[in-house]
Each structure stands twice: as C-alpha cells, then as structure tokens.
Amino acid sequence: MPDFAAVEEQLTYLKKGTAEIIREADLRAKLEKSRATGKPLRVKLGMDPTAPDLHLGHTVVLRKLKHFQDLGHTAIFLIGDFTGMIGDPTGRSATRPPLTREQIEQNAETYKAQVFKILDPQKTVIDFNRRWFGTFTSDDFVRLMAKYTVSQLLEREDFHKRFQDEKPISMHELLYPLVQGYDSVALEADVELGGTDQRFNLLVGRELQRAYGQESQVALTTPILEGLDGVQKMSKSLGNAIGIHEPPLEMYGKIMSISDEMMWRYYELLTDVQVAEIEKMKREAHPMQAKKDLARRIVADFHSAEAAAKAGEDWARQFQKDEVPEEVEKVQIRVGSIAVSNPEDFKKPNWAADEEPRKMICLPDEKTVAADPNFHVARIEKLLLELRLVSSASEGSRKLKEGAVTVGGEQMKGRFFAFVSVPAEARVKLGRKQKIASIIP
C-alpha cells in the first residue's frame with residue numbers, strides 16, 4: 001500500500017503556485033480518503049495538440065501534475081486528439097480554424113516526447129480522448145447534450161461577449177465544454193488541472209460527473225505565466241516566449257533578461273523550490289545569483305545539468321566578462337527572406353557615399369563589394385527578426401537608431417548591409433545578445 005504523506009503536508013505542496021482550488025474542502029477529503037485506503041487519486045490534465053511545440057507557459061500546469069505524481073498519485077496526461085479537431089474556443093473572439101487529423105496526430109507525437117521532460121514516463125498514464133469519443137454514437141451525443149442547457153453555456157464569458165456583439169458561435173464550439181467535461185467522466189477523475197482560462201470547462205466536468213452518478217472532481221487552476229516582458233501572457237506569437245526546445249544558452253540568456261520581480265514568480269511557477277525556501281532567498285540572496293540559480297534549474301530541467309552549467313559559463317563569458325562565448329547559436333536564413341526587392345537601386349558608382357538610408361555596411365569590405373556587380377543587399381530589421389533577436393521590425397528599427405546593432409564587428413548606422421556571395425556567414429550582435437547568421441540560397 002502506498003505510503004502517502006500527511007494531508008497537511010500534501011496540501012502545502014500542492015497549493016504552491018495554485019490560483020484556485022474548487023473546492024479545497026473537497027480536495028482535503030479526497031486526500032484523507034486516499035491516505036486511509038491507500039488508493040491514489042486520479043489526477044487529469046488534458047491538452048489539445050494544436051501546436052507542435054510547448055513553451056514554459058505550458059509547463060506551469062504540467063509541473064502541478066508532477067507535484068501530484070511526486071506525492072504518489074496517478075498522473076493522467078490526456079491528449080485531446082478528438083477535442084483538438086473541434087478547437088477550444090476559450091479566449092477566442094472568432095471561431096478557431098479546425099486542424100486536420102494528420103496535423104493533430106503529428107503534434108500529439110511531439111507532445112508525448114515533450115511532457116516527459118517534466119513527468120516521470122514510468123509513472124504517467126498517457127491517454128487519448130478519441131479512445132471513447134471514437135465509438136460515441138449519435139444517441140450518446142444526444143444524451144450528453146441533454147445534461148446541459150444553452151443558457152448555462154452562454155454564461156461563459158467569451159460566448160456571452162460574442163453573443164452580445166452578434167458574432168457567430170458555431171454549434172461545434174458550444175459542444176466543446178461538454179466534450180472536455182465528459183473526459184472527466186470517462187476517466188473517473190478525482191482532480192482536473194488547468195490554467196485559470198480553463199475554469200469554466202473544469203466546472204462543466206464537475207457537473208457532468210454528478211449528472212452521470214460520479215463524485216465531482218476537484219478543479220485546480222494554475223496562473224497564466226507572463227512572458228519575458230513581464231506584462232502579457234507568454235506566447236510565441238507575441239515574441240515573449242521561452243520554448244522548451246530552445247538551445248541551453250538561448251534559454252539561459254532569456255531567463256537572465258527577466259526583471260528581478262518576475263524572477264520570483266518564475267521560481268514559484270516553474271520550479272519545485274518550496275515557498276519557505278523562496279522567501280528565504282528573497283531575504284538573503286543577491287538577486288543576480290538568485291537569477292543565475294533559476295536559469296540553471298530551468299535549463300537543467302529541459303536539457304541536462306551539464307548543459308546548464310555550460311550555458312552559465314558561456315553567458316558569464318559573453319555578458320559579464322565581455323568575451324566571445326565558446327558556443328554561439330548559428331541560424332540558417334534564406335537570402336530571399338532578408339534581401340531587398342529592388343537591389344538595382346543600390347548598384348551605381350557612388351552608392352557607398354549615399355546619405356541615409358542608403359549607406360551600408362559591406363562584408364567582407366567595401367572594396368570587394370564595390371568590385372562585384374552582383375552583390376546582395378539585405379535589410380537589417382529582417383535579419384534581426386529571422387535571428388529572433390527582436391520581436392518586430394519596429395523594435396529592430398529602434399535598436400538600429402540606438403546604435404545597438406553590429407554585423408561582422410561593424411556598427412550598423414544604416415538599414416542595409418551588402419555581401420558578395422551566398423552562402424555567407426556573419427556574427428550579428430544586438431546589445432549583449434549575439435548569433436551567427438548563416439545565409440543560404
């Protein structure tokens with residue numbers, strides 16, 4: 001029989017980094033029963049495989065599932081290969097375009113590999129909701145829909161707003177909360193996890209379990225993690241995300257760029273460090289050292305302890321000692337993605353003497369470029385974007401005006417640079433960040 005920790009000890013561990021528990025008294029009762037019977041709780045986390053890669057924001061709730069796993073409970077990671085075909089309408093002001101079955105299957109395979117960077121593969125149950133929905137009949141769906149009313153669904157904020165704004169709501173979107181909720185019935189979940197944006201869907205699961213004669217699950221939500229800017233939620237589309245597959249040095253450097261205030265939130269949501277230890281660090285640790293420790297912990301989670309130590313050394317060499325790190329990420333860039341559309345405008349005898357914005361940095365040197373009638377011309381803002389050194393062209397323009405950009409060791413004063421052959425390589429530096437651009441045909 002499993003030897004579970006005391007209920008108070010479990011609750012303290014589980015409440016770290018939690019936004020809301022509905023209801024805490026129910027969770028306490030379930031933990032007490034589990035400890036008395038020796039039967040672990042069935043804890044469910046579902047994710048639709050709508051994108052191929054996860055970022056640190058996704059791992060907040062994954063880590064909470066790990067916390068239940070650490071305490072000896074059954075961690076169920078449910079891949080929504082059926083719900084993914086519908087598309088979660090949460091936070092959407094318009095209908096989400098559906099993914100194909102092939103896209104769903106491909107993304108699902110990557111999810112299985114990625115979640116095991118946090119969860120123990122030997123102790124994790126991986127399931128797919130097509131397992132039960134694939135055999136659902138039309139009668140089953142009618143019975144499911146009979147458990148809920150349209151007025152209940154319209155209480156959901158995003159549905160209510162779209163209804164008030166007279167924006168369309170597709171029937172399959174209304175079905176989504178019921179389908180997700182039924183997952184908890186099929187799995188007989190004791191606890192379901194989700195971000196705060198999933199609160200409505202989790203509560204539907206509680207109600208459906210009661211309707212099907214089961215004991216209601218506990219709904220536990222985790223906060224939405226802010227991105228590198230410390231303001232907006234972490235999102236690849238906003239350019240403020242840290243992907244869990246990013247190279248160690250890039251991941252380490254991004255973590256070191258967050259504010260000291262945001263660092264403590266990352267400690268709370270992205271590590272297993274206990275609250276008491278975090279509070280002690282706030283009082284006693286130097287912020288720079290605390291941030292280095294945070295970066296090391298996170299990189300080690302997704303790569304290895306050795307990679308984390310190496311990234312720390314390279315970061316210190318690059319940013320604190322102003323030396324070139326041993327390893328700088330090399331990014332392949334198609335010349336067509338950065339080249340200007342009208343290179344002939346640059347090919348005239350006095351081009352090198354032009355005023356801004358035509359003045360260029362020439363690689364390898366001005367004489368070589370001037371002697372070659374077929375030289376290439378590229379825009380710096382596009383180069384910075386392709387290298388992911390900036391999140392927008394406007395940010396790139398601003399950094400150029402600040403004199404923060406160098407290409408091949410030359411400070412960029414204009415918006416363009418020229419080079420004579422492809423493939424070509426150039427070290428691009430923005431402030432203290434740097435990468436090697438490998439320009440290919």
Side-chain angles (χ1 to χ4, degrees), residues 12-19 45 53-71 75 113-121 123-124 193 195 222-230 233-234 240-320 325-327 329 432-433:
T12 298
Y13 188 45
L14 294 173
K15 287 166 71 174
K16 170 185 175 281
T18 294
L45 169 63
D53 297 313
L54 301 178
H55 56 63
L56 290 187
H58 297 117
T59 70
V60 175
V61 69
L62 270 171
R63 189 168 294 278
K64 185 55 58 185
L65 184 60
K66 175 184 180 293
H67 291 167
F68 277 95
Q69 191 175 69
D70 291 343
L71 294 170
Q114 292 175 75
V115 298
F116 290 143
K117 289 181 177 290
I118 292 180
L119 302 174
D120 184 339
K123 299 178 181 179
T124 304
L193 310 180
T222 56
I224 304 298
L225 183 71
E226 296 84 357
L228 297 173
D229 54 10
K233 73 173 185 178
M234 184 172 286
N240 65 355
I242 305 174
I244 68 172
H245 279 320
E246 290 186 11
L249 179 58
E250 184 170 348
M251 183 180 285
Y252 191 101
K254 284 185 176 181
I255 297 165
M256 293 302 297
S257 74
I258 64 175
S259 68
D260 290 350
E261 181 182 2
M262 189 56 55
M263 166 180 67
W264 301 117
R265 185 161 173 81
Y266 276 38
Y267 258 112
E268 180 183 8
L269 300 180
L270 298 176
T271 76
D272 295 331
V273 180
Q274 294 300 296
V275 174
E277 188 177 344
I278 294 173
E279 292 302 318
K280 182 180 179 182
M281 285 193 291
K282 286 182 181 179
R283 295 191 303 268
E284 301 176 4
H286 189 284
M288 175 61 78
Q289 186 56 50
K291 197 177 294 185
K292 287 180 178 180
D293 289 344
L294 172 66
R296 177 185 53 77
R297 287 175 182 273
I298 293 175
V299 174
D301 277 345
F302 298 102
H303 293 283
S304 66
E306 293 75 16
K310 179 69 164 52
E313 292 169 2
D314 279 351
W315 184 88
R317 184 180 294 112
Q318 180 176 355
F319 294 113
Q320 292 186 304
E326 290 181 18
E327 295 182 11
E329 183 187 2
R432 290 187 173 274
K433 297 185 291 184

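Here the CG-CG distance, from Leu45 to Leu65, works out to 5.5 Å after rounding to the nearest 0.5 Å.
Looking at residues two or more places apart in sequence or on another chain, you find no salt bridge (charged side-chain N to carboxylate O under 4.0 Å, His left out) involving Lys117. By the side chain to side chain donor-acceptor pair (under 3.5 Å) test, Lys233 is found to be paired with no residue, residues two or more places apart in sequence or in another chain being considered. Under the side-chain contact (heavy atoms from CB on, under 4.5 Å) criterion, Ala309 pairs with no residue at all, not counting sequence neighbours. His55 is linked by a ring pair (Phe, Tyr, Trp, His ring centres under 6.0 Å) to His58, counting only residues two or more places apart in sequence or in another chain. In this structure, the side-chain contact (heavy atoms from CB on, under 4.5 Å) partners of Glu226, at least two apart in sequence or on a different chain, are Met262, Arg265. Residues meeting the salt bridge (charged side-chain N to carboxylate O under 4.0 Å, His left out) test with Glu250, sequence neighbours left out: Lys254, Arg388, Lys435. With sequence neighbours excluded, no residue forms a side chain to side chain donor-acceptor pair (under 3.5 Å) with Glu261. For Ala305, there are no side-chain contact (heavy atoms from CB on, under 4.5 Å) partners two or more places apart in sequence or in a different chain. In this view, Thr18 satisfies the side chain to side chain donor-acceptor pair (under 3.5 Å) rule with no residue, not counting sequence neighbours. Residues that satisfy the side-chain contact (heavy atoms from CB on, under 4.5 Å) test with Ser304, not counting sequence neighbours, are Glu306, Ala307.
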Show your reasoning for whether side chain to side chain contact (heavy atoms under 4.5 Å, CB included) applies to Leu56 and Ile298. CA-CA 9 Å; Leu56 290 187; Ile298 293 175; 4.0 Å; yes
Apply the test side chain to side chain contact (heavy atoms under 4.5 Å, CB included) to residues Tyr13 and Asp70: give CA-CA distance (whole Å), side-chain angles for both, the deciding distance (0.1 Å), then the verdict. CA-CA 10 Å; Tyr13 188 45; Asp70 291 343; 2.8 Å; yes
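The side-chain heavy atoms of Leu294 and Ile255, taken from C-beta on, include a pair separated by under 4.5 Å. With a 4.5 Å cut-off on side-chain heavy atoms, Tyr252 and Asp314 do not count as touching.
Between the side chain of Gln114 and the backbone N or O of Ile244, no donor-acceptor pair lies under 3.5 Å. Side chain of Lys291 to backbone of His286: no donor-acceptor contact under 3.5 angstrom is found. Side-chain atoms of His303 come within 3.5 Å of backbone N or O of Glu246 as a donor-acceptor pair.
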Tell me which donor-acceptor pairs under 3.5 Å the side chains of residues 270-279 have, and how far apart each pair is, sequence neighbours excluded?
from, atom 1, to, atom 2, distance (Å)
Thr271, OG1, Tyr267, O, 2.6
Thr271, OG1, Val273, N, 3.2
Asp272, OD1, Arg63, NH1, 3.1
Asp272, OD1, His67, NE2, 2.9
Asp272, OD2, Arg63, NH1, 3.4
Asp272, OD2, Lys66, NZ, 2.9
Gln274, NE2, Asp272, O, 3.3
Glu279, OE2, Lys282, NZ, 3.4

